Amino acid sequence: MNKLVELISNGTLRVEELKNAPNIIETADFVSKALDACYHTLVFTLGVNTFNCYDYMDRAGEYHAWGEVSKNGTFTVWSNWGGNHTVGSVNLTNPNEVFMALVSDDDDGMSHNLRRFLDEQIRRYADQA
């Protein structure tokens with residue numbers, strides 16, 4: 001039995017809640033494509049444990065975010081908004097964690113920065129093909 005059908009049958013999920021399913025499926029598909037792209041675009045040289053892989057500045061030049069990925073797959077983002085600080089991190093080897101980071105309603109901007117970073121990896125991978 002399909003997991004969604006099972007959740008509906010046992011009362012955990014209401015049919016009315018499925019109206020968001022297209023967005024959820026689209027995000028899951030995006031995560032799958034993005035992590036596949038990361039596998040091909042994020043390459044470590046010998047002796048390197050982390051490297052800078054993300055840099056974003058808004059058009060006004062006020063918001064700046066940057067990120068690095070570690071050899072264990074952790075992508076960490078920092079921002080200057082409100083003073084330099086860590087925005088968040090996510091393990092790129094864990095699709096569920098990436099999915100949850102994208103759908104979270106964060107005020108610190110991790111989901112927006114993560115989406116921009118993953119979009120960039122998909123574009124880079126497409127350019128390599």
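Nothing here was measured: the structure is a model prediction, and the numbers come from that model. If you read the sequence from its start, that first residue is 1, and numbering goes on from there.
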Exercise for review: Output the distance between atom CG (Leu102) and atom CE (Met110), rounded to the nearest 0.5 Å.
Suggested key: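 It comes to 8.5 Å.
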
Review point. If you measure from CG on Asn72 to CG on Asn49, what distance do you get to the nearest 0.5 Å?
Key: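 With rounding to 0.5 Å, CG (Asn72) is 9.5 Å from CG (Asn49).
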
Check your understanding: Can you tell me if Asn80 uses its side chain to pair, donor with acceptor, with the backbone of Glu62 under 3.5 Å?
Key -> yes

Review point. Looking only at atom types and distance, does a side-chain atom of Glu97 sit under 3.5 Å from a main-chain N or O of Asn91, one as donor and one as acceptor?
Key: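 Checking the backbone N and O of Asn91 against the side chain of Glu97, a donor-acceptor pair under 3.5 Å is found.
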
Check your understanding: Between Asp29 and Lys33, is there a side-chain N and carboxylate O pair less than 4.0 Å apart?
Key -> yes

Review point. Taking 4.0 angstrom as the limit, do Arg124 and Glu120 come out as a salt bridge?
Key: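 Yes, charged N to carboxylate O under 4.0 Å.
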
Check your understanding: Taking the six-membered ring for Trp, are Phe117 and Tyr54 parallel (under 30°), tilted (30 to 60°) or perpendicular (over 60°)?
Key -> perpendicular

Check your understanding: Angle class for the Phe44/Phe51 ring planes (parallel below 30°, perpendicular above 60°, tilted otherwise)?
Key -> perpendicular

Review point. Is there a side-chain contact (heavy atoms from CB on, under 4.5 Å) between Thr27 and Phe99 once you walk through the steps?
Key: CA-CA 7 Å; Thr27 301; Phe99 177 87; 3.7 Å; yes

Review point. Any chain of hydrophobic side-chain contacts (each under 4.5 Å) joining Leu114 to Trp66?
Key: no

Check your understanding: Which atom names give the shortest non-hydrogen contact between Ala37 and Tyr125, and what distance separates them?
Key ->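 Smallest heavy-atom distance, with atoms named: CB-CB, 3.7 Å.
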
**Study point:** 4.5 Å side-chain heavy-atom contact, Asp55 and His64
**Key:** yes

